[in-house]
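Since the structure comes first, as C-alpha coordinates, the remarks are kept for the end.
Every chain is numbered from 1 and lettered A, B, ... according to where its sequence line falls, protein lines coming before strand lines.
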There are 2 protein chains.
Amino acid sequence: MTTPGQGLHSHVLAALGLAITAGECPPGTVLRTDELAQRFDVSRTVVREVVRVLESMHLVESRRRVGVTVLPTESWNVYDPQVIRWRLAGADRPRQLRSLTVLRSAVEPVAAGLAALHATPAQCRELTEQALGMVATSRGRQLEAYLVHDIAFHRVVLNSSGNEMFARLGDVVAEVLTGRTHHHVMFEDPDPAAVTLHVQVAEAVRERDAARAEALTREIAVGALKELDVLAP
Amino acid sequence: MTTPGQGLHSHVLAALGLAITAGECPPGTVLRTDELAQRFDVSRTVVREVVRVLESMHLVESRRRVGVTVLPTESWNVYDPQVIRWRLAGADRPRQLRSLTVLRSAVEPVAAGLAALHATPAQCRELTEQALGMVATSRGRQLEAYLVHDIAFHRVVLNSSGNEMFARLGDVVAEVLTGRTHHHVMFEDPDPAAVTLHVQVAEAVRERDAARAEALTREIAVGALKELDVLAP
DNA sequence: TGTGACATAAAAGTCATACTTTTAATTCCC
DNA sequence: GGGAATTAAAAGTATGACTTTTATGTCACA
(Lines give C-alpha, C1' and ligand atoms only; values in the text may rest on other atoms or scores of the structure.)
Protein backbone atom coordinates (compact mmCIF):
# COMPACT_ATOMS: atom_id res chain seq x y z
CA MET A 1 0.00 0.00 0.00
CA THR A 2 2.72 2.43 0.99
CA THR A 3 5.54 3.38 -1.27
CA PRO A 4 8.61 1.29 -0.53
CA GLY A 5 12.13 2.60 -0.55
CA GLN A 6 14.37 3.74 2.21
CA GLY A 7 17.18 5.45 0.38
CA LEU A 8 17.58 9.10 -0.46
CA HIS A 9 16.49 8.37 -3.98
CA SER A 10 13.08 7.01 -2.97
CA HIS A 11 12.50 9.91 -0.65
CA VAL A 12 13.19 12.58 -3.23
CA LEU A 13 11.29 10.66 -5.88
CA ALA A 14 8.21 10.42 -3.69
CA ALA A 15 8.39 14.08 -2.75
CA LEU A 16 8.76 15.31 -6.32
CA GLY A 17 6.32 12.83 -7.80
CA LEU A 18 3.68 13.76 -5.28
CA ALA A 19 4.28 17.47 -5.75
CA ILE A 20 3.91 17.22 -9.51
CA THR A 21 0.87 14.95 -9.57
CA ALA A 22 -0.77 17.03 -6.86
CA GLY A 23 -0.65 20.09 -9.06
CA GLU A 24 2.01 22.12 -7.31
CA CYS A 25 4.53 22.59 -10.09
CA PRO A 26 1.80 22.98 -12.72
CA PRO A 27 2.64 21.90 -16.27
CA GLY A 28 5.17 24.20 -17.84
CA THR A 29 7.00 24.79 -14.60
CA VAL A 30 10.74 24.59 -15.06
CA LEU A 31 12.94 23.10 -12.38
CA ARG A 32 16.72 23.09 -12.26
CA THR A 33 18.69 20.14 -10.94
CA ASP A 34 21.03 22.28 -8.86
CA GLU A 35 18.11 24.01 -7.25
CA LEU A 36 16.43 20.68 -6.51
CA ALA A 37 19.65 19.28 -5.08
CA GLN A 38 19.78 22.22 -2.72
CA ARG A 39 16.09 22.04 -1.84
CA PHE A 40 16.26 18.38 -0.85
CA ASP A 41 19.80 18.60 0.47
CA VAL A 42 21.13 15.81 -1.70
CA SER A 43 23.76 15.59 -4.40
CA ARG A 44 23.09 16.28 -8.05
CA THR A 45 23.63 12.57 -8.71
CA VAL A 46 20.54 11.65 -6.73
CA VAL A 47 18.45 14.39 -8.30
CA ARG A 48 19.47 13.32 -11.78
CA GLU A 49 18.45 9.73 -11.13
CA VAL A 50 15.10 10.90 -9.82
CA VAL A 51 14.57 13.14 -12.83
CA ARG A 52 15.36 10.25 -15.14
CA VAL A 53 12.68 8.14 -13.48
CA LEU A 54 10.12 10.95 -13.62
CA GLU A 55 11.05 11.36 -17.25
CA SER A 56 10.33 7.69 -17.92
CA MET A 57 6.89 8.27 -16.42
CA HIS A 58 6.47 11.24 -18.74
CA LEU A 59 5.84 13.54 -15.81
CA VAL A 60 8.74 15.77 -16.83
CA GLU A 61 11.03 16.38 -19.74
CA SER A 62 14.65 17.37 -19.38
CA ARG A 63 16.29 19.56 -21.97
CA ARG A 64 19.75 21.06 -22.11
CA ARG A 65 20.09 24.71 -21.37
CA VAL A 66 16.40 24.79 -20.34
CA GLY A 67 15.94 22.57 -17.34
CA VAL A 68 13.40 20.04 -16.23
CA THR A 69 9.96 20.96 -17.52
CA VAL A 70 6.78 19.58 -15.98
CA LEU A 71 4.64 18.01 -18.70
CA PRO A 72 0.86 18.35 -19.10
CA THR A 73 -1.39 15.67 -17.64
CA GLU A 74 -2.11 14.17 -21.04
CA SER A 75 1.48 12.96 -21.26
CA TRP A 76 1.59 11.17 -17.94
CA ASN A 77 1.84 7.39 -17.74
CA VAL A 78 -1.44 7.08 -15.90
CA TYR A 79 -1.14 3.29 -15.79
CA ASP A 80 2.04 3.42 -13.76
CA PRO A 81 1.07 2.07 -10.32
CA GLN A 82 3.35 4.62 -8.73
CA VAL A 83 1.64 7.48 -10.54
CA ILE A 84 -1.76 6.04 -9.65
CA ARG A 85 -0.82 5.92 -5.99
CA TRP A 86 0.47 9.49 -6.03
CA ARG A 87 -2.68 10.76 -7.68
CA LEU A 88 -4.93 8.85 -5.31
CA ALA A 89 -3.09 10.49 -2.45
CA GLY A 90 -3.60 13.95 -3.93
CA ALA A 91 -6.39 16.37 -4.53
CA ASP A 92 -8.16 14.84 -7.50
CA ARG A 93 -8.62 11.53 -5.78
CA PRO A 94 -12.38 11.44 -6.54
CA ARG A 95 -11.84 12.08 -10.23
CA GLN A 96 -9.17 9.42 -10.24
CA LEU A 97 -11.38 6.87 -8.53
CA ARG A 98 -14.08 7.56 -11.07
CA SER A 99 -11.90 7.02 -14.11
CA LEU A 100 -10.37 3.88 -12.62
CA THR A 101 -13.83 2.51 -11.85
CA VAL A 102 -14.87 3.08 -15.44
CA LEU A 103 -11.79 1.15 -16.52
CA ARG A 104 -12.76 -1.66 -14.14
CA SER A 105 -16.27 -1.72 -15.55
CA ALA A 106 -14.85 -2.32 -18.99
CA VAL A 107 -12.21 -4.86 -18.11
CA GLU A 108 -13.60 -7.02 -15.32
CA PRO A 109 -16.62 -8.45 -17.14
CA VAL A 110 -14.46 -9.61 -20.01
CA ALA A 111 -11.90 -10.95 -17.55
CA ALA A 112 -14.63 -12.90 -15.75
CA GLY A 113 -15.79 -14.38 -19.03
CA LEU A 114 -12.27 -15.53 -19.81
CA ALA A 115 -11.85 -16.81 -16.27
CA ALA A 116 -14.83 -19.09 -16.82
CA LEU A 117 -12.91 -20.59 -19.72
CA HIS A 118 -9.44 -20.71 -18.26
CA ALA A 119 -9.63 -20.94 -14.45
CA THR A 120 -7.94 -23.95 -12.90
CA PRO A 121 -9.82 -26.03 -10.33
CA ALA A 122 -7.66 -24.45 -7.63
CA GLN A 123 -8.63 -20.98 -8.84
CA CYS A 124 -12.30 -21.95 -8.87
CA ARG A 125 -12.00 -23.14 -5.30
CA GLU A 126 -10.20 -19.98 -4.25
CA LEU A 127 -12.90 -17.91 -5.90
CA THR A 128 -15.70 -19.70 -4.10
CA GLU A 129 -13.83 -19.43 -0.85
CA GLN A 130 -13.40 -15.67 -1.17
CA ALA A 131 -17.04 -15.23 -2.15
CA LEU A 132 -18.10 -17.14 0.95
CA GLY A 133 -15.74 -15.01 2.99
CA MET A 134 -17.52 -11.96 1.64
CA VAL A 135 -20.85 -13.39 2.68
CA ALA A 136 -19.57 -14.20 6.14
CA THR A 137 -18.24 -10.69 6.72
CA SER A 138 -21.00 -8.78 4.99
CA ARG A 139 -22.92 -8.00 8.16
CA GLY A 140 -22.04 -6.38 11.42
CA ARG A 141 -19.56 -3.68 10.45
CA GLN A 142 -16.72 -6.02 9.51
CA LEU A 143 -15.76 -3.78 6.64
CA GLU A 144 -12.01 -4.36 6.85
CA ALA A 145 -12.37 -8.12 6.74
CA TYR A 146 -14.89 -7.83 3.93
CA LEU A 147 -12.49 -5.66 1.95
CA VAL A 148 -9.77 -8.29 2.16
CA HIS A 149 -12.06 -10.90 0.62
CA ASP A 150 -13.39 -8.48 -1.97
CA ILE A 151 -9.90 -7.60 -3.15
CA ALA A 152 -8.82 -11.24 -3.18
CA PHE A 153 -11.91 -12.19 -5.17
CA HIS A 154 -11.31 -9.67 -7.92
CA ARG A 155 -7.62 -10.49 -8.02
CA VAL A 156 -8.38 -14.16 -8.60
CA VAL A 157 -10.80 -13.29 -11.40
CA LEU A 158 -8.22 -11.11 -13.12
CA ASN A 159 -5.47 -13.69 -12.70
CA SER A 160 -7.67 -16.54 -13.87
CA SER A 161 -8.44 -14.74 -17.10
CA GLY A 162 -5.09 -15.88 -18.40
CA ASN A 163 -4.41 -12.43 -19.82
CA GLU A 164 -1.39 -10.71 -18.35
CA MET A 165 -2.72 -7.22 -19.07
CA PHE A 166 -5.79 -8.02 -17.00
CA ALA A 167 -3.78 -9.72 -14.29
CA ARG A 168 -1.67 -6.61 -13.82
CA LEU A 169 -4.76 -4.57 -12.98
CA GLY A 170 -5.09 -6.41 -9.69
CA ASP A 171 -3.24 -3.68 -7.85
CA VAL A 172 -5.39 -0.99 -9.40
CA VAL A 173 -8.56 -2.75 -8.36
CA ALA A 174 -7.20 -3.21 -4.86
CA GLU A 175 -6.42 0.49 -4.72
CA VAL A 176 -9.93 1.42 -5.89
CA LEU A 177 -11.71 -0.92 -3.51
CA THR A 178 -9.62 0.25 -0.60
CA GLY A 179 -10.23 3.87 -1.47
CA ARG A 180 -13.95 3.24 -1.76
CA THR A 181 -14.21 1.54 1.64
CA HIS A 182 -12.02 4.01 3.47
CA HIS A 183 -13.56 7.09 1.99
CA HIS A 184 -17.13 6.44 1.15
CA VAL A 185 -19.50 5.48 3.88
CA MET A 186 -17.54 3.10 6.07
CA PHE A 187 -20.54 2.83 8.36
CA GLU A 188 -22.97 0.90 6.23
CA ASP A 189 -22.60 -2.77 5.54
CA PRO A 190 -22.04 -3.69 1.89
CA ASP A 191 -25.00 -4.01 -0.43
CA PRO A 192 -26.42 -7.55 -0.05
CA ALA A 193 -27.25 -7.65 -3.74
CA ALA A 194 -23.59 -7.11 -4.61
CA VAL A 195 -22.53 -9.88 -2.26
CA THR A 196 -24.96 -12.28 -3.88
CA LEU A 197 -23.66 -11.34 -7.31
CA HIS A 198 -20.13 -12.25 -6.28
CA VAL A 199 -21.27 -15.67 -5.13
CA GLN A 200 -23.06 -16.17 -8.42
CA VAL A 201 -19.99 -15.15 -10.40
CA ALA A 202 -17.96 -17.77 -8.55
CA GLU A 203 -20.69 -20.26 -9.43
CA ALA A 204 -20.75 -19.32 -13.09
CA VAL A 205 -16.98 -19.59 -13.37
CA ARG A 206 -17.03 -22.97 -11.68
CA GLU A 207 -19.67 -24.12 -14.16
CA ARG A 208 -17.68 -22.71 -17.09
CA ASP A 209 -20.58 -20.46 -18.04
CA ALA A 210 -18.64 -17.60 -19.61
CA ALA A 211 -21.62 -15.58 -20.77
CA ARG A 212 -23.23 -15.67 -17.34
CA ALA A 213 -19.97 -14.83 -15.54
CA GLU A 214 -19.54 -11.85 -17.82
CA ALA A 215 -23.12 -10.65 -17.43
CA LEU A 216 -23.07 -10.97 -13.64
CA THR A 217 -19.78 -9.13 -13.37
CA ARG A 218 -21.20 -6.41 -15.56
CA GLU A 219 -23.97 -6.04 -12.99
CA ILE A 220 -21.41 -5.66 -10.24
CA ALA A 221 -19.67 -3.02 -12.33
CA VAL A 222 -22.90 -1.12 -12.89
CA GLY A 223 -23.40 -1.09 -9.14
CA ALA A 224 -19.91 0.33 -8.58
CA LEU A 225 -20.52 3.03 -11.18
CA LYS A 226 -23.84 3.99 -9.64
CA GLU A 227 -22.19 4.27 -6.28
CA LEU A 228 -19.92 6.96 -7.68
CA ASP A 229 -22.74 8.70 -9.54
CA VAL A 230 -21.00 8.02 -12.81
CA LEU A 231 -24.24 6.59 -14.09
CA ALA A 232 -27.67 8.14 -13.97
CA PRO A 233 -29.82 6.39 -11.35
CA MET B 1 6.76 4.80 -33.43
CA THR B 2 10.49 4.72 -32.84
CA THR B 3 12.07 5.21 -29.49
CA PRO B 4 13.36 8.76 -29.12
CA GLY B 5 16.57 9.73 -27.42
CA GLN B 6 19.99 10.48 -28.73
CA GLY B 7 22.10 10.57 -25.61
CA LEU B 8 24.18 7.80 -24.10
CA HIS B 9 21.47 7.20 -21.56
CA SER B 10 18.79 6.40 -24.15
CA HIS B 11 21.12 4.12 -26.02
CA VAL B 12 22.04 2.01 -23.02
CA LEU B 13 18.45 2.01 -21.78
CA ALA B 14 17.16 0.72 -25.09
CA ALA B 15 19.85 -1.94 -25.30
CA LEU B 16 19.30 -3.23 -21.78
CA GLY B 17 15.52 -2.92 -21.90
CA LEU B 18 15.36 -4.84 -25.13
CA ALA B 19 17.76 -7.50 -23.88
CA ILE B 20 15.73 -8.09 -20.75
CA THR B 21 12.30 -8.10 -22.37
CA ALA B 22 13.59 -10.31 -25.16
CA GLY B 23 14.54 -12.98 -22.70
CA GLU B 24 18.31 -12.73 -22.78
CA CYS B 25 19.11 -12.04 -19.14
CA PRO B 26 16.33 -14.38 -17.94
CA PRO B 27 14.71 -13.57 -14.61
CA GLY B 28 17.12 -14.12 -11.75
CA THR B 29 20.12 -13.03 -13.76
CA VAL B 30 22.34 -10.73 -11.75
CA LEU B 31 24.12 -7.83 -13.40
CA ARG B 32 26.72 -5.58 -11.87
CA THR B 33 26.91 -1.89 -12.61
CA ASP B 34 30.65 -1.85 -13.13
CA GLU B 35 30.41 -4.72 -15.55
CA LEU B 36 27.61 -2.96 -17.45
CA ALA B 37 29.60 0.27 -17.55
CA GLN B 38 32.44 -1.61 -19.14
CA ARG B 39 30.21 -3.54 -21.53
CA PHE B 40 28.57 -0.40 -22.91
CA ASP B 41 31.68 1.73 -22.53
CA VAL B 42 30.00 4.41 -20.47
CA SER B 43 30.49 5.73 -16.97
CA ARG B 44 28.84 4.24 -13.90
CA THR B 45 26.77 7.43 -13.69
CA VAL B 46 24.95 6.58 -16.89
CA VAL B 47 24.48 2.95 -15.95
CA ARG B 48 23.05 3.87 -12.57
CA GLU B 49 20.48 6.19 -14.17
CA VAL B 50 19.47 3.47 -16.60
CA VAL B 51 19.13 0.94 -13.80
CA ARG B 52 16.96 3.34 -11.85
CA VAL B 53 14.61 3.68 -14.81
CA LEU B 54 14.47 -0.08 -15.38
CA GLU B 55 13.78 -0.41 -11.68
CA SER B 56 10.83 1.96 -11.97
CA MET B 57 9.47 -0.29 -14.71
CA HIS B 58 9.95 -3.24 -12.37
CA LEU B 59 12.14 -4.99 -14.88
CA VAL B 60 15.00 -5.22 -12.40
CA GLU B 61 15.65 -4.78 -8.72
CA SER B 62 18.85 -3.38 -7.33
CA ARG B 63 20.13 -4.57 -3.97
CA ARG B 64 23.31 -3.79 -2.10
CA ARG B 65 25.98 -6.39 -2.02
CA VAL B 66 23.98 -8.41 -4.56
CA GLY B 67 23.69 -6.44 -7.74
CA VAL B 68 20.96 -5.74 -10.24
CA THR B 69 18.60 -8.70 -10.46
CA VAL B 70 16.28 -9.25 -13.42
CA LEU B 71 12.72 -9.69 -12.17
CA PRO B 72 10.16 -12.25 -13.40
CA THR B 73 7.67 -11.23 -16.08
CA GLU B 74 4.81 -10.98 -13.59
CA SER B 75 6.46 -7.94 -12.02
CA TRP B 76 6.92 -5.96 -15.22
CA ASN B 77 4.94 -2.79 -15.82
CA VAL B 78 3.31 -4.20 -18.94
CA TYR B 79 1.34 -1.00 -19.48
CA ASP B 80 4.46 1.09 -19.88
CA PRO B 81 4.49 2.10 -23.57
CA GLN B 82 8.24 1.67 -23.61
CA VAL B 83 7.98 -1.88 -22.32
CA ILE B 84 5.21 -2.62 -24.79
CA ARG B 85 7.37 -1.40 -27.65
CA TRP B 86 10.33 -3.47 -26.52
CA ARG B 87 8.22 -6.59 -26.21
CA LEU B 88 6.59 -6.05 -29.57
CA ALA B 89 10.04 -5.82 -31.07
CA GLY B 90 11.09 -9.08 -29.45
CA ALA B 91 10.38 -12.76 -29.79
CA ASP B 92 6.97 -13.05 -28.13
CA ARG B 93 5.43 -10.43 -30.35
CA PRO B 94 2.50 -12.69 -31.34
CA ARG B 95 1.64 -13.45 -27.71
CA GLN B 96 1.89 -9.75 -26.96
CA LEU B 97 -0.39 -8.77 -29.84
CA ARG B 98 -2.93 -11.31 -28.64
CA SER B 99 -3.07 -10.05 -25.07
CA LEU B 100 -3.24 -6.43 -26.22
CA THR B 101 -6.07 -7.28 -28.61
CA VAL B 102 -8.01 -8.89 -25.79
CA LEU B 103 -7.52 -5.70 -23.79
CA ARG B 104 -8.81 -3.70 -26.74
CA SER B 105 -11.84 -5.94 -27.03
CA ALA B 106 -12.73 -5.13 -23.44
CA VAL B 107 -12.04 -1.42 -23.48
CA GLU B 108 -13.05 -0.10 -26.89
CA PRO B 109 -16.75 -1.03 -26.79
CA VAL B 110 -17.21 0.73 -23.48
CA ALA B 111 -15.19 3.67 -24.75
CA ALA B 112 -17.41 3.88 -27.84
CA GLY B 113 -20.50 3.88 -25.65
CA LEU B 114 -19.11 6.74 -23.61
CA ALA B 115 -18.05 8.55 -26.75
CA ALA B 116 -21.66 8.52 -27.91
CA LEU B 117 -22.50 10.40 -24.73
CA HIS B 118 -19.57 12.77 -24.55
CA ALA B 119 -18.19 13.40 -28.04
CA THR B 120 -18.12 17.03 -29.14
CA PRO B 121 -19.51 17.96 -32.56
CA ALA B 122 -15.95 18.40 -33.77
CA GLN B 123 -15.07 14.90 -32.61
CA CYS B 124 -18.17 13.49 -34.32
CA ARG B 125 -17.12 15.15 -37.53
CA GLU B 126 -13.58 13.86 -37.21
CA LEU B 127 -14.90 10.37 -36.59
CA THR B 128 -17.09 10.42 -39.68
CA GLU B 129 -14.24 11.79 -41.73
CA GLN B 130 -11.88 9.02 -40.68
CA ALA B 131 -14.52 6.37 -41.32
CA LEU B 132 -15.04 7.75 -44.81
CA GLY B 133 -11.29 7.76 -45.27
CA MET B 134 -11.28 4.07 -44.41
CA VAL B 135 -13.96 3.40 -46.99
CA ALA B 136 -12.06 5.34 -49.63
CA THR B 137 -8.82 3.42 -49.03
CA SER B 138 -10.33 0.01 -48.41
CA ARG B 139 -9.81 -1.25 -51.94
CA GLY B 140 -6.83 -1.50 -54.21
CA ARG B 141 -3.99 -2.37 -51.84
CA GLN B 142 -3.85 1.04 -50.15
CA LEU B 143 -3.10 -0.62 -46.84
CA GLU B 144 -0.81 2.09 -45.50
CA ALA B 145 -3.32 4.84 -46.11
CA TYR B 146 -6.08 2.69 -44.68
CA LEU B 147 -4.02 2.08 -41.56
CA VAL B 148 -3.62 5.79 -40.94
CA HIS B 149 -7.38 6.31 -40.97
CA ASP B 150 -7.98 3.20 -38.89
CA ILE B 151 -5.59 4.39 -36.18
CA ALA B 152 -7.01 7.90 -36.23
CA PHE B 153 -10.55 6.53 -35.96
CA HIS B 154 -9.85 4.47 -32.87
CA ARG B 155 -7.86 7.27 -31.31
CA VAL B 156 -10.79 9.66 -31.67
CA VAL B 157 -13.14 7.12 -30.10
CA LEU B 158 -10.85 6.64 -27.13
CA ASN B 159 -10.30 10.36 -26.70
CA SER B 160 -13.99 11.16 -27.05
CA SER B 161 -14.87 8.79 -24.24
CA GLY B 162 -13.82 11.48 -21.80
CA ASN B 163 -11.94 8.92 -19.72
CA GLU B 164 -8.23 9.56 -19.47
CA MET B 165 -7.40 5.90 -18.87
CA PHE B 166 -9.05 5.03 -22.16
CA ALA B 167 -7.50 7.97 -23.94
CA ARG B 168 -4.02 6.82 -22.98
CA LEU B 169 -4.56 3.51 -24.76
CA GLY B 170 -4.45 5.28 -28.11
CA ASP B 171 -0.77 4.50 -28.51
CA VAL B 172 -1.32 0.86 -27.67
CA VAL B 173 -4.08 0.54 -30.24
CA ALA B 174 -1.89 2.23 -32.82
CA GLU B 175 0.87 -0.23 -32.05
CA VAL B 176 -1.49 -3.19 -32.39
CA LEU B 177 -3.05 -2.03 -35.63
CA THR B 178 0.34 -1.29 -37.13
CA GLY B 179 1.67 -4.66 -36.05
CA ARG B 180 -1.35 -6.38 -37.52
CA THR B 181 -1.08 -4.67 -40.89
CA HIS B 182 2.67 -5.04 -41.20
CA HIS B 183 2.80 -8.63 -40.07
CA HIS B 184 -0.38 -10.36 -40.93
CA VAL B 185 -1.48 -10.51 -44.50
CA MET B 186 -0.53 -7.18 -46.01
CA PHE B 187 -1.71 -8.40 -49.39
CA GLU B 188 -5.44 -8.64 -48.88
CA ASP B 189 -7.65 -5.61 -48.66
CA PRO B 190 -9.39 -5.09 -45.31
CA ASP B 191 -12.61 -6.97 -44.59
CA PRO B 192 -15.49 -4.94 -46.08
CA ALA B 193 -17.72 -5.90 -43.16
CA ALA B 194 -15.28 -4.30 -40.73
CA VAL B 195 -15.17 -1.13 -42.79
CA THR B 196 -18.95 -0.89 -42.76
CA LEU B 197 -18.98 -1.39 -38.99
CA HIS B 198 -16.68 1.57 -38.55
CA VAL B 199 -18.97 3.78 -40.58
CA GLN B 200 -21.90 2.63 -38.50
CA VAL B 201 -20.08 3.34 -35.25
CA ALA B 202 -19.44 6.88 -36.40
CA GLU B 203 -23.12 7.12 -37.20
CA ALA B 204 -24.20 5.79 -33.81
CA VAL B 205 -21.92 8.18 -31.97
CA ARG B 206 -23.22 11.09 -34.00
CA GLU B 207 -26.76 10.07 -33.13
CA ARG B 208 -25.85 9.66 -29.44
CA ASP B 209 -26.90 6.03 -29.51
CA ALA B 210 -24.57 4.67 -26.85
CA ALA B 211 -25.91 1.13 -26.81
CA ARG B 212 -25.56 0.79 -30.56
CA ALA B 213 -22.09 2.31 -30.61
CA GLU B 214 -21.02 -0.16 -27.95
CA ALA B 215 -22.57 -3.17 -29.67
CA LEU B 216 -21.09 -2.29 -33.05
CA THR B 217 -17.64 -1.77 -31.57
CA ARG B 218 -17.96 -5.12 -29.86
CA GLU B 219 -18.51 -6.63 -33.28
CA ILE B 220 -15.35 -5.00 -34.55
CA ALA B 221 -13.51 -6.39 -31.55
CA VAL B 222 -14.84 -9.90 -32.17
CA GLY B 223 -13.53 -9.62 -35.70
CA ALA B 224 -10.09 -8.62 -34.45
CA LEU B 225 -10.04 -11.53 -32.02
CA LYS B 226 -11.08 -14.02 -34.68
CA GLU B 227 -8.33 -12.73 -36.91
CA LEU B 228 -5.80 -13.75 -34.29
CA ASP B 229 -7.54 -17.06 -33.60
CA VAL B 230 -8.15 -16.00 -30.04
CA LEU B 231 -11.75 -16.98 -30.52
CA ALA B 232 -13.16 -20.19 -31.86
CA PRO B 233 -14.70 -19.64 -35.32
C1' DT C 1 28.60 -31.44 15.07
C1' DG C 2 25.86 -27.66 15.07
C1' DT C 3 24.94 -22.85 16.22
C1' DG C 4 25.40 -18.27 17.05
C1' DA C 5 28.31 -14.14 17.24
C1' DC C 6 31.70 -11.81 14.69
C1' DA C 7 34.62 -10.25 10.95
C1' DT C 8 35.19 -9.57 6.05
C1' DA C 9 34.55 -7.98 1.73
C1' DA C 10 31.66 -7.08 -2.26
C1' DA C 11 28.54 -4.32 -4.31
C1' DA C 12 25.39 -0.51 -4.48
C1' DG C 13 24.65 4.18 -2.68
C1' DT C 14 26.24 8.87 -2.09
C1' DC C 15 28.99 12.95 -2.79
C1' DA C 16 32.08 16.50 -4.81
C1' DT C 17 34.26 18.14 -8.71
C1' DA C 18 35.89 18.83 -13.15
C1' DC C 19 34.84 18.81 -17.74
C1' DT C 20 31.87 18.47 -22.29
C1' DT C 21 27.97 19.43 -25.09
C1' DT C 22 23.96 21.41 -26.45
C1' DT C 23 21.28 25.37 -27.21
C1' DA C 24 18.58 29.68 -25.92
C1' DA C 25 19.54 34.23 -25.92
C1' DT C 26 22.25 38.10 -26.71
C1' DT C 27 25.23 40.89 -29.36
C1' DC C 28 27.09 42.75 -33.19
C1' DC C 29 27.83 43.60 -37.86
C1' DC C 30 26.05 44.46 -42.32
C1' DG D 1 16.00 45.20 -39.21
C1' DG D 2 17.77 40.66 -40.03
C1' DG D 3 21.09 37.24 -39.94
C1' DA D 4 25.52 35.40 -38.25
C1' DA D 5 28.79 34.98 -34.55
C1' DT D 6 29.34 34.94 -29.51
C1' DT D 7 28.18 33.84 -24.93
C1' DA D 8 26.63 31.64 -21.05
C1' DA D 9 23.41 28.63 -18.72
C1' DA D 10 21.98 24.28 -17.92
C1' DA D 11 22.04 19.38 -18.56
C1' DG D 12 25.11 15.45 -19.73
C1' DT D 13 29.23 12.72 -18.75
C1' DA D 14 33.32 11.01 -16.34
C1' DT D 15 36.06 9.97 -12.30
C1' DG D 16 37.53 9.03 -7.74
C1' DA D 17 36.85 8.89 -2.98
C1' DC D 18 34.06 7.55 0.54
C1' DT D 19 29.78 5.33 3.13
C1' DT D 20 26.43 1.87 3.98
C1' DT D 21 24.33 -2.26 3.68
C1' DT D 22 24.50 -7.14 3.77
C1' DA D 23 25.66 -11.93 2.08
C1' DT D 24 28.96 -15.02 3.35
C1' DG D 25 32.62 -17.12 5.45
C1' DT D 26 35.09 -17.86 10.01
C1' DC D 27 35.75 -19.02 14.52
C1' DA D 28 34.68 -19.91 19.19
C1' DC D 29 31.69 -22.13 22.12
C1' DA D 30 28.42 -25.49 23.54
Between which nucleotides of DNA chain D, 5' to 3', does chain A make heavy-atom contacts below 4.0 Å?
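First-to-last contact on DNA chain D, by the 4.0 Å heavy-atom rule, is dA8(D) to dT13(D).
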Would you indicate, yes or no, if dG13(C) has its OP1 or OP2 atom less than 4.0 angstrom from a side-chain nitrogen or oxygen of R52(B)?
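Answer yes for this pair, as a side-chain N or O of R52(B) is under 4.0 Å from OP1 or OP2.
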Could you check how far [atom1] of [X] sits from [atom2] of [N], rounded to whole Å?
X      : N       : atom1 : atom2 : result
R48(A) : dA16(C) : CZ    : C1'   : 15 Å
H11(A) : dG13(C) : NE2   : C1'   : 16 Å
R65(B) : dA7(C)  : CZ    : C1'   : 12 Å
E55(B) : dA12(C) : CD    : P     : 11 Å

Which sits closer to the 5' end of DNA chain C, R32(B) or D41(A), going by the nucleotide each is nearest to?
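Result: R32(B).
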On DNA chain C, does the nearest nucleotide to V46(A) precede the nearest nucleotide to V66(A) from the 5' side, or the other way round? Give the residue.
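Of the two residues, V46(A) wins.
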Give the nucleotide from the list dA24(C), dG13(C), dT17(C) with an atom nearest to the side chain of S62(B).
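Among dA24(C), dG13(C), dT17(C), the one nearest the side chain of S62(B) is dG13(C).
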Could you tell me whether the side chain of R63(B) has a donor or acceptor atom within less than 3.5 Å of a complementary atom in the base of dA12(C)?
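Per atom types, no contact qualifies.
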Checking all strands, does T45(A) fall into the base, sugar-phosphate, or nothing category for heavy-atom contacts under 4.0 angstrom?
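Result for T45(A) = base.
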Residues R206(A) and T128(A): side-chain donor-acceptor under 3.5 angstrom
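Side chains of R206(A) and T128(A): pair found under 3.5 Å.
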Answer yes if the side chains of H149(B) and H198(B) hold a donor-acceptor pair under 3.5 Å, and no otherwise.
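No donor-acceptor contact under 3.5 Å links the two side chains.
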Charged N-O contact under 4.0 Å between [X] and [Y]:
X       : Y       : answer
E49(B)  : R52(B)  : no
R180(B) : E175(B) : no
E164(B) : R87(A)  : yes

Counting distance only, does the side-chain N/O of N163(A) pair as donor-acceptor with the main-chain N or O of S99(B) below 3.5 Å?
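Such a contact is found between N163(A) side chain and S99(B) backbone.
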